Amino acid sequence: MKKQDVFDFYNDYIMSTYTKIPLVFNKGKGSRLWDIENKSYLDFFPGWGVCNLGHCHPKIMTAVRHQISKLVFIPNNYYHIPQARLAKEIVYWSFPAKVFFCNSGAEANEAAIKFSRIFGKGRYEIIVFENSFHGRTLAALSATAQKKYQEGFAPLVEGFKVAKFNDLKAVEDNLTDKTVAIMLELVQGEGGINVADKDFVLALRKLCDEKNLLLIIDEVQTGIGRTGKMFCFQHYGVIPDIMTLAKALGGGLPIGAMVVKREIADILGRGMHASTFGGGPVICKAALAVLRTIQKERLLTNAQRVGEYLFGKLNELQNRFKIIKEIRGIGLMIGIELSIPGRPIVEDCIKQGLLINCTHDYVLRLMPALNVTKKEIDRAVKILDNVFSTYSEIQE
Ligand SMILES: *Cc1c(COP(=O)(O)O)cnc(C)c1O
C-alpha cells in the first residue's frame, strides 16, 4: 500500500474521531520510528508515554513471543501465573495493596469510581480538579473537568465536584457530607503539564484521613518511571488509597490496573466488577518484562539523569527565545509553555524528523523513552532550536 491508499482507506472506513498527523509508520526501535517511505524520526512522545521503554524493546518482545506460543487467553474465573506474578510485582513497587486488572486508563478510573461508591455506602461525591483528564468513558469523562471533552455528552454521571488545582481552600469549599473521595493527577498531562504542589498533596492526604475519604491518584500517565520514580506519588511522601495505571504498564500492549490499599481492597467483592480481557497472560508477561527491565537497566536513574540534562538544555533555550514562557514537569514528563500556539511548532519539528506533542494549545509536551540517550536529546534540542529560531527574535 502507498501512503495515499492508507489515507483513503482511513477516510472511507475508519471513524474520524482523531486529529491526525499524516504519517504512516511501520517500524520502531528504541526512540526511533520509520515511516513507510523509510524516513526515520526521533520519537520524543512515544504513544502518549505508552512506550516508556522505547519501541519494541527486545526484552518485552521476547516475553510476548514466548507467552503467545504457550497460552494466549484464560478467563478470569480461572487462575494463571503471569497475573499472579504481575500483581505481586506492582504491589512490591507501590504500597501494600491488591490489584484489579482491566484494559485501559479510563477503565481503571471507572473501577476506582465504582469502588468509591461501594466504599461510601451512600456517600458518592468525588472532588476532581480543573484541567484534569481521566478518560473518555462516561464516568471517567464526568471526572474530567475540561469543557472541550464533555461538550455534547450531557447528561454526565452525577457526583463530581470541581475544585481549582493546588488550592486547598477550594477543595474544602467543595466538601459535603456526601463526599467520598478526592481524585487527581500529580502532574496533569492533558491539562498542560501542571505539577501538584507538595504541600497541597500532603494537605489532601491529611484531609482524606480526617474525613475518611479516599485519595485516588491517577498515575495512568505519570506511572511506570515517567517522572524518574516508579510512581509519581513517591516524590510526594504520601501513599494513595487507590492508584490507577495503564499507558506504559504493558510496554505497548493494552492493560489497565486499579491498585487498592490492602485494608479496604476486599470491599469490592465477588461478582461486583469484572473485565473479560483484563490481565490476560500475554499482557501480564509484557508488563512483567517492563517492570524487570526498568530495574535491570536502571532506567529510573537514567530518567532522572537525562531528565535533568534535558531540563538544563531547555532552560538555555528559554533564555534565548522570548516565545518560551515556562519549562515545567518532573523527570521525563516535560512541558514547554509558549506565548504562541504550539501546533505549528509541532508540525515544523515533524518536518525535521522530531515527534513531539502539544497539549492545552500552548504547551509543547516532551516525554521521551526512559532509556533515551544524551546524544538523542542533543539532536532533539538542536531541532527545537532551529524551529524556535524561525518563530521568534533572539533575545540579546
Ligand atoms: C490517557 C489517560 C487516561 C485514559 O487512558 P485510556 O487508556 O486512553 O483510557 C486517564 N488518565 C490519564 C491521566 C491519562 O493520561
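Atoms within each ligand, like the ligands themselves, are counted from 1 in listed order. In this text, all values refer to a predicted model and were calculated from it rather than measured experimentally. Numbering starts at 1 and runs along the sequence shown.
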Chemist: Apply side chain to side chain contact (heavy atoms under 4.5 Å, CB included) to the pair I264 and V260, showing each step before the final yes or no.
Modeler: CA-CA 7 Å; I264 54 171; V260 181; 3.8 Å; yes
Chemist: One pair per line, please: each N/O atom of ligand 1 matched with every protein N/O atom under 3.5 Å away, atom names first, then the distance to 0.1 Å.
Modeler:
{"unit_1": "ligand 1", "atom_1": "7 (O)", "unit_2": "G105", "atom_2": "N", "d": "2.8"}
{"unit_1": "ligand 1", "atom_1": "9 (O)", "unit_2": "G105", "atom_2": "N", "d": "3.4"}
{"unit_1": "ligand 1", "atom_1": "9 (O)", "unit_2": "A106", "atom_2": "N", "d": "2.8"}
{"unit_1": "ligand 1", "atom_1": "11 (N)", "unit_2": "F133", "atom_2": "O", "d": "3.3"}
{"unit_1": "ligand 1", "atom_1": "11 (N)", "unit_2": "D218", "atom_2": "OD1", "d": "3.4"}
{"unit_1": "ligand 1", "atom_1": "11 (N)", "unit_2": "D218", "atom_2": "OD2", "d": "2.8"}
{"unit_1": "ligand 1", "atom_1": "15 (O)", "unit_2": "Q221", "atom_2": "NE2", "d": "2.7"}
{"unit_1": "ligand 1", "atom_1": "15 (O)", "unit_2": "K247", "atom_2": "NZ", "d": "2.7"}

Chemist: Which residues pass the side-chain hydrogen bond (donor to acceptor under 3.5 Å, both in side chains) test with Y10, not counting sequence neighbours?
Modeler: none
Chemist: Examine the side chains of N109 and T244 and answer whether a donor and an acceptor come within less than 3.5 Å of each other.
Modeler: yes
Chemist: If the threshold is 4.0 Å, N to carboxylate O, is there a salt bridge linking R262 and D241?
Modeler: no
Chemist: Heavy-atom distance under 4.5 Å between the side chains of K29 and C56, does that happen here?
Modeler: no
Chemist: Do K374 and Y309 meet the cation-pi criteria used here (NZ or CZ under 6.0 Å from the six-membered ring centre, within 45° of the axis)?
Modeler: yes
